[in-house]
Amino acid sequence: MANPSSIRRQALSDHISVFTCKGSQMHDEQLIQEAKTARQSAYAPYSNFLVGAALLSRDGRIFHGCNVENASYGLCNCAERTALFSAIAAGCKPGDFSAIAVIGDTDGPIAPCGACRQVIIELGGPELRVLLSNLKGDTHATTAAAQLPDAFYLQPSTQK
């Protein structure tokens, strides 16, 4: 189990941080706590529905994501996609992840939207562990494949 002193923060900018977990594998509860921390950065002035996500890479890095709303609702971004996009922007590749945790103030464990499920399965892979939680501590562990059965896939083109 990783202890809090084994988690190191590296600021990539004023608003983007990457955390590294040294030592043994991070426990689900710790990743959910990271998602809860990420939730505090959410920008949700219209819905007041704050969501946080924490993405654990196979090399131990943790990427935080939060939802960001916009007056033009179609331009909003969910916490799950923010975490995944941040990881890709930091140099990770699809399949480099071992788990994602998502948390919100819901009656039961939060459920990702369809767009997030598609991005999670494409960038995380069908076997990615998905931890869904709420502020009351209810948790549901699943996989990307279970969240999006019969997922849509395209073969990436080779870049030249």
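Worth knowing before you read on, the calculation uses all heavy atoms, side chains too, and leaves out hydrogens, waters and symmetry mates.
- Two residues are said to be in side-chain contact when any heavy atoms from C-beta on lie closer than 4.5 Å; L128 and I121 fail this criterion.
- Here the side chains of L132 and T139 are not in contact, with every heavy-atom distance at 4.5 Å or above.
- Nearest heavy atom pair, residue A54 against residue A35, reads CB-N, 3.5 Å.
- Using a 4.5 Å heavy-atom cutoff, the side chains of S86 and H64 are not in contact.
- Contact record, A90 with R61: O-NH1, 4.1 Å, taken as the closest heavy-atom pair.
- Distance alone, capped at 3.5 Å, places no donor-acceptor pair between the R39 side chain and the C66 backbone.
- Of the possible polar contacts, one joining the K136 side chain to the D107 backbone as a donor-acceptor pair under 3.5 Å is found.
- Within the 4.5 Å cutoff, the side chain of I120 has heavy atoms near those of the E80 side chain.
- Using a 4.5 Å heavy-atom threshold, the side chains of I110 and I103 count as separate.
- Contact check for R129 versus I100: no side-chain heavy atoms found under the 4.5 Å cut-off.
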- Item | Pair E69-S47, side-chain hydrogen bond (donor to acceptor under 3.5 Å, both in side chains): steps then yes or no | CA-CA 8 Å; E69 292 182 350; S47 71; 2.2 Å; yes
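- Using a 4.5 Å cut-off on side-chain heavy atoms (C-beta onward), L50 and D105 make no contact.
- Taking every heavy atom of both residues into account, A38 and A53 meet most closely at CB-O, 3.5 Å.
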- Task: Tell me, with the steps shown, if R58 and F97 meet side-chain contact (heavy atoms from CB on, under 4.5 Å).
- Result: CA-CA 5 Å; R58 294 189 190 282; F97 314 107; 5.8 Å; no
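- Connection of I62 to L131 is established within a shared hydrophobic cluster, with ILVMFWY side chains joined at heavy-atom distances below 4.5 Å, either directly or through further cluster members.
- Smallest separation of non-hydrogen atoms from R117 and Q147: NH1-O, 2.8 Å.
- Formation of a donor-acceptor pair under 3.5 Å by the E122 side chain with backbone atoms of V119 is not found in this model.
- The hydrophobic clustering, which links ILVMFWY residues whose side-chain heavy atoms are closer than 4.5 Å, places F85 and V51 together.
- A144 approaches G125 most closely through the heavy-atom pair CB-O, 3.3 Å.
- Side-chain contact between C76 and Y46 is absent, with no heavy-atom pair separated by less than 4.5 Å.
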- Task: Show the numbers, then the answer: is there a side-chain hydrogen bond (donor to acceptor under 3.5 Å, both in side chains) between D59 and S57?
- Result: CA-CA 5 Å; D59 65 6; S57 66; 2.4 Å; yes
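- Hydrophobic clustering (side-chain heavy atoms under 4.5 Å, transitive across Ile, Leu, Val, Met, Phe, Trp, Tyr) groups I88 together with L84.
- Across G137 and S133, no two heavy atoms sit closer than the pair C-OG, 4.3 Å.
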- Message: K36 vs L135, test: side-chain contact (heavy atoms from CB on, under 4.5 Å). Steps then yes/no.
- Response: CA-CA 8 Å; K36 192 173 185 179; L135 299 181; 4.1 Å; yes
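- Using modelled atom types, one side-chain atom of T143 and one backbone atom of A146 make a donor-acceptor pair closer than 3.5 Å.
- Here the side chain of N67 pairs no donor or acceptor atom with the backbone of N77 at under 3.5 angstrom.
- One hydrophobic cluster, built from ILVMFWY side chains closer than 4.5 Å, holds both Y73 and Y43.
- With no hydrogens or angles considered, no side-chain donor-acceptor pair links T106 and N134 at under 3.5 Å.
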